Amino acid sequence: QVQLVESGGGLVQAGGSLRLSCVASTRTARPYTMGWFRQAPGKEREFVAAINWSGSKLEYSDSVKDRFTISRANAKGPMNLEMRSLKLGDTAVYYCAVDIHQPWMAAIGIDDYDYWGQGTQVTVSS
């Protein structure tokens, strides 16, 4: 079982930067993949970025590639999402997620993930 706590959301103007963080709390030593998803009002939840247990495999959606950077300090450390050159379209609730079944992969599917955080609001304005 994994408990996720997200932080770092807020208001930022277009072109600015913001860093999100997600901390996983668990008693197990089992490795896991971590990912970020986002959901804007009236839209479906969509994949943003993911990083496998070792940090050796990363995936990004086309909409954020070259602007966002996902990282984790170690297999049990916090996961960060560095967001740069933010656009109005980046406005959404951002969710942290954990995949315990495919830790060698950086999966991009919503149904690949087993645990979810409460979400943190990111609002980009011009």
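In this text the structure is predicted, and so the values were computed from the model without any measurement.
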Measure from the side-chain N and O atoms of Gln102 to the backbone N and O of Ala106, and report whether any donor-acceptor pair falls under 3.5 Å.
no
Should Arg67 and Lys87 be marked as a side-chain contact (heavy atoms from CB on, under 4.5 Å) after you check the CA-CA gap, both sets of side-chain angles, and the distance that decides it?
CA-CA 10 Å; Arg67 297 190 298 118; Lys87 305 175 180 179; 3.8 Å; yes
Within the structure provided, determine whether Asp99 and Tyr115 are in side-chain contact (heavy-atom separation under 4.5 Å).
no
What closest approach, in Å, do Ile100 and Val98 show between heavy atoms, and which atom pair accounts for it?
CG2-CG1, 3.8 Å
If I compare all heavy atoms of Ala40 with all of Ala92, which pair ends up nearest, and what's the gap?
N-CB, 3.8 Å
Answer with yes or no whether the side chains of Glu6 and Gln118 bring together a donor and an acceptor at under 3.5 Å.
yes
d(Leu18 CG, Thr123 OG1) to nearest 0.5 Å is 10.0 Å
Looking only at heavy atoms, the pair that brings Gly77 and Met34 closest together is O-SD, 4.3 Å
Supply the atom-to-atom distance Arg72 CZ to Asn80 CG, rounded to the nearest 0.5 angstrom.
10.5 Å
Only residue of Ser21, Ser7, Cys22 satisfying side-chain contact (heavy atoms from CB on, under 4.5 Å) with Pro78 is Ser21
Calculate, to the nearest 0.5 Å, the distance between atoms CE and CG belonging to Met79 and Leu20 respectively.
9.0 Å
Would a single hydrophobic cluster contain both Val48 and Leu58, if residues Ile, Leu, Val, Met, Phe, Trp and Tyr are joined by side-chain heavy-atom contacts under 4.5 Å?
yes
Note, Thr69 side chain near Arg84 side chain (heavy atom, < 4.5 Å)
yes
Asn52 vs Thr33, side-chain hydrogen bond (donor to acceptor under 3.5 Å, both in side chains): CA-CA, chis, key distance, verdict:
CA-CA 4 Å; Asn52 75 341; Thr33 289; 5.9 Å; no
Determine whether more than 12 heavy atoms belonging to other residues, nucleotides or ligands lie under 6.0 Å from atom CD of Gln3.
no
Drop me the distance from Glu44's CD to Ile110's CD1, to the nearest 0.5 angstrom.
7.5 Å
Arg38 versus Phe47: any side-chain heavy-atom pair under 4.5 Å?
no
Determine whether a donor-acceptor pair (N or O, by modelled atom type, separation under 3.5 Å) exists between the side chain of Lys76 and the backbone of Arg30.
yes
Given the ring of Tyr95, does Arg45 sit roughly above its face, with NZ or CZ under 6.0 Å from the centre of the six-membered ring and within 45° of the axis?
yes
Atom CD of residue position Gln13 - does it have more than 12 heavy atoms of other residues, nucleotides or ligands inside 6.0 Å?
no
Who passes ring-ring contact (aromatic ring centres under 6.0 Å, His included) against Trp53, sequence neighbours left out?
none
Between Phe37 and Tyr113, does the ring centre distance come in under 6.0 Å?
yes
Would Leu4 and Val23 satisfy side-chain contact (heavy atoms from CB on, under 4.5 Å), going step by step from the backbone distance to the final call?
CA-CA 6 Å; Leu4 302 175; Val23 177; over 6 Å; no
Centroid separation Trp36 to Phe68 less than 6.0 Å:
no
Can you tell me how far apart CG (Asn74) and OG (Ser54) are? Round to the nearest 0.5 Å.
11.5 Å
Below 4.5 Å, heavy atoms only, C-beta onward: do Gln1 and Thr26 meet side chain to side chain?
no
First locate atom CE of Met83, then atom CZ of Arg19, and finally report the distance between them rounded to the nearest 0.5 Å.
11.0 Å
